[in-house]
Protein chains: 2
Amino acid sequence: MGTTQLETVPEPKYWHLKTVLSEALDAEFSVGEILPNERDLAARFGVARATLRQALEQLELEGRLQRRRGVGTTVAPPRMGVAVGAAEHVWPGAVGDAWKAADCTQLVPPAAVAGVLETGADETVHTVRRMRMTHGQPVAAELLYVPASSVPDLSAIEAPSGPARARAVLRELQRLGLEGQDSAVELGSARADDAKVLDRLPGAPVLVVTTRFFAEGRTAAVSVATYRADTCRLTFGDSGGVEVHHDPERRAS
Amino acid sequence: MGTTQLETVPEPKYWHLKTVLSEALDAEFSVGEILPNERDLAARFGVARATLRQALEQLELEGRLQRRRGVGTTVAPPRMGVAVGAAEHVWPGAVGDAWKAADCTQLVPPAAVAGVLETGADETVHTVRRMRMTHGQPVAAELLYVPASSVPDLSAIEAPSGPARARAVLRELQRLGLEGQDSAVELGSARADDAKVLDRLPGAPVLVVTTRFFAEGRTAAVSVATYRADTCRLTFGDSGGVEVHHDPERRAS
DNA sequence: AAGTGGTCTAGACCACGCG
DNA sequence: GCGTGGTCTAGACCACTTT
């Protein structure tokens, strides 16, 4: 009869909403602009606030929006490309890298890290905490695990912890011949301490980059870096990365 | 008085719940085991189902759980390492790669891709659709954009579309000298078509890998590959990747 | 104090996979 | 048909930032 139902799949409301909002962002908003608040937006689209929030969450996940409690929802700038794997490998702390050493302690690494470093179950390693800034914003928090055997000449004169110690460990690392490195990227959620540094709420989506540094025929150090997934595009390879990012679903022939 | 409130921050319920569940997964469950259903779990912990779901979502994001509608929630195996950036660069479709060419059409690429390829606004390019399987599971869906100028000798005899055409395009690509490549990784959400191939719901979190291939002094092809973020750990670099993955928050001194 | 996003509840119905 | 996870609602209160 009068049923003109061609699409047998009822698209979820939040999905449709996300598409509508996405197009509105492209057409009617500019970077940094603040959107109406969630209650108003929900009313305007005739949905419950929870549904509206589901759409906003997706857009935030895709780096289109930025939400801050007590402030509002703003249109996010395009993600910034962050180089994480240069063609020439260098030790952390080499001159010119974008990291800032914050602290250093001695502690027993997580089991997974200990396995890679082939340290004993209760063996402590130097653990350097660093932070990476880009365009004035924190984009990554890192823990660099360095076994004592990789920095044998580390002076006992330095303080056993603190920023000075961190720089000393990095300095000693440069003396080893770096034979190679490899990295892995996976999705994770920010731990409470990393979230604080990254200015996000705990549980925020992050890209976890685990890097092994090889020297003297073994794994001489391991880095676990946590990048903000909403603002970062990680680049690897010969040059500075690719300018391609999100785009509307237009894929007509 | 009797107020022993040292922690002024009331941890959200779902966050605490996630921690409890995470520890339970480590201690009492093995890979593949199915959890009680959401209604029972919520009742057991004395929270609303929505709150319980918020905790499960996080655990799924971290690759600890797998949820399937109509089936249930199961304990996920550790993420598999998937090599995406080998030390020696090779063209897509080289012998031995893990991809399966599925289809090929001619279409106008998204604006961002067109910009990198330096094609005209309405210029069509060969678009190869491929799928990557690992351990019997689909892990990635890819669109490879190849301008006509990169495959000048492509025979007009072949069908204008379909798997045979896809293979023909890849075969012609091998003839160019590959001068280099670079990649970028960012978080995204699965489009409807990719979600179908990846056996996930639309909007599922994915890692989008954009790769530029250089030949003859220009960008000769661009690949946009969509990896399942829940099951994959992308590896770059000299060797096969790192065995480090999630671990409990234990970080005592 | 006012306004924002973040958390939480207790329901309801729907889409899907399986026996 | 039944049980599962997925979607949606209409509220409430909380934590945070700004005024």
Side-chain angles (χ1 to χ4, degrees), chain A residues 5 7-19 21 33-61 64-76 189-190 192 195-196 199-205 230, chain B residues 5 7-19 21 33-61 64-76 189-190 192 195-196 199-205 230:
Chain A
Q5 180 160 3
E7 292 293 335
T8 63
V9 280
E11 202 174 40
K13 271 189 190 179
Y14 78 91
W15 185 260
H16 180 242
L17 200 50
K18 177 196 144 186
T19 308
L21 284 169
E33 202 167 342
I34 64 175
L35 271 61
N37 74 54
E38 297 183 348
R39 291 162 180 85
D40 285 354
L41 273 180
R44 179 177 313 186
F45 288 105
V47 300
R49 192 179 154 216
T51 304
L52 185 269
R53 277 180 61 81
Q54 212 171 339
L56 293 184
E57 252 150 53
Q58 285 244 354
L59 290 170
E60 191 178 29
L61 201 77
R64 308 287 311 276
L65 292 179
Q66 186 158 0
R67 300 191 286 174
R68 273 175 302 171
R69 167 153 52 177
V71 179
T73 301
T74 57
V75 180
S189 51
K196 197 154 208 170
D199 190 28
R200 299 259 62 196
L201 291 177
D230 55 343
Chain B
Q5 182 162 0
E7 293 294 335
T8 63
V9 280
E11 200 173 42
K13 271 190 188 178
Y14 78 91
W15 184 260
H16 179 242
L17 200 50
K18 177 197 145 186
T19 307
L21 284 169
E33 202 168 340
I34 63 174
L35 270 61
N37 72 54
E38 296 182 350
R39 290 162 180 85
D40 286 353
L41 273 180
R44 181 176 312 185
F45 288 104
V47 299
R49 193 179 152 215
T51 304
L52 185 269
R53 277 179 62 81
Q54 211 172 339
L56 294 183
E57 252 151 52
Q58 285 244 356
L59 290 169
E60 191 179 28
L61 202 76
R64 307 287 312 274
L65 292 179
Q66 187 158 3
R67 298 193 286 174
R68 272 173 304 173
R69 168 152 55 177
V71 179
T73 302
T74 59
V75 180
S189 51
K196 198 155 207 170
D199 191 27
R200 300 257 64 195
L201 291 178
D230 55 342

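Computed over heavy atoms, backbone and side chain alike; hydrogens, waters and symmetry mates excluded. Owing to the predicted nature of the structure, the values given are computational and were not obtained by experimental measurement. Quick note on labels: first sequence line is chain A, next is B, and so on, each numbered from 1.
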Query raised in the report: Is there a side-chain polar atom (N or O) of Thr73(A) under 4.0 Å from OP1 or OP2 of dG5(C)?
Result: yes
Query raised in the report: So, is Thr51(A) near the phosphate of dT7(D), with a side-chain N or O under 4.0 Å from OP1 or OP2?
Result: no
Query raised in the report: Angle, rounded to 10°, between the helical axes spanning five pairs at each terminus of the helix from dA1(C)-dT18(D) to dC18(C)-dG1(D)?
Result: 10°
**Report entry** Length of the line joining Gln54(B):CD and dC8(C):P, which is rounded to integer Å
**Finding:** 6 Å
Query raised in the report: Rounded to whole angstroms, how far apart are CD on Glu38(B) and P on dG3(D)?
Result: 16 Å
Report task. Show your working on side chain to side chain contact (heavy atoms under 4.5 Å, CB included) between Arg53(A) and Gln58(A) and close with a plain yes or no. Result -> CA-CA 9 Å; Arg53(A) 277 180 61 81; Gln58(A) 285 244 354; over 6 Å; no
Requested in this report: Nearest whole angstrom, please: distance from the P of dG5(D) to the CD of Glu60(B).
Outcome: 11 Å
Query raised in the report: Are more than 12 heavy atoms from other residues, nucleotides or ligands located less than 6.0 Å from atom CG of Asp199(B)?
Result: no
Requested in this report: Answer yes or no: does a side-chain N or O of Tyr14(B) lie under 4.0 Å from OP1 or OP2 of dT7(C)?
Outcome: yes
Query - For atom CG of Leu41(A) and atom C1' of dT4(C), their distance in whole Å - result: 12 Å
Query raised in the report: What's the verdict on side chain to side chain contact (heavy atoms under 4.5 Å, CB included) for Arg200(A) and Asp230(A), showing C-alpha distance, side-chain angles and the deciding distance?
Result: CA-CA 10 Å; Arg200(A) 299 259 62 196; Asp230(A) 55 343; 3.0 Å; yes
What nitrogen or oxygen pairs link the protein and nucleotides 11-15 of chain D at under 3.5 Å?
residue: dA15(D); atom: O4'; partner: Arg69(A); partner atom: NH1; Å: 3.4

Requested in this report: Go through the structure and list residues passing side chain to side chain contact (heavy atoms under 4.5 Å, CB included) with Thr51(A), not counting sequence neighbours.
Outcome: Lys13(A), Tyr14(A), Val47(A), Ala48(A)
Report task. Please identify each residue that fulfils side chain to side chain donor-acceptor pair (under 3.5 Å) with Glu57(B), with sequence neighbours left out. Result -> none
Query raised in the report: Arg53(A) near the nucleic acid: base, sugar-phosphate alone, or nothing, with a heavy-atom cut-off under 4.0 Å?
Result: base
Query - Test side chain to side chain contact (heavy atoms under 4.5 Å, CB included) applied to Leu41(A) - qualifying residues, sequence neighbours left out - result: Leu35(A), Pro36(A), Phe45(A), Leu52(A)
Query raised in the report: Does Ser189(A) reach the side chain of Lys18(B), with side-chain heavy atoms less than 4.5 Å apart?
Result: yes
Query raised in the report: To the nearest Å, how far apart are Arg68(A) CZ and dG3(C) P?
Result: 19 Å
Report summary line: Closest non-hydrogen atoms of Ala76(A) and Gln66(A), given as atom of the first, atom of the second and distance, are CB-N, 4.3 Å
Report task. Send over the distance from Arg67(B) CZ to dG6(D) C1', rounded to a whole Å. Result -> 9 Å
**Report entry** Qualifying residues under salt bridge (Lys or Arg N to Asp or Glu O under 4.0 Å), relative to Arg49(B), sequence neighbours excluded
**Finding:** Glu38(B)
Report task. Check whether any side-chain nitrogen or oxygen of Asn37(B) sits under 4.0 Å from OP1 or OP2 of dG3(D), and answer yes or no. Result -> no
Query raised in the report: With sugar-phosphate meaning primed atoms plus P, OP1 and OP2, does Leu201(A) contact a base, only sugar-phosphate, or nothing at under 4.0 Å between heavy atoms?
Result: sugar-phosphate
Report task. May I have the distance from His16(B) (atom NE2) to dG6(C) (atom P), rounded to whole angstrom? Result -> 22 Å
Report task. Nearest whole angstrom, please: distance from the P of dG6(C) to the CD of Gln66(A). Result -> 11 Å
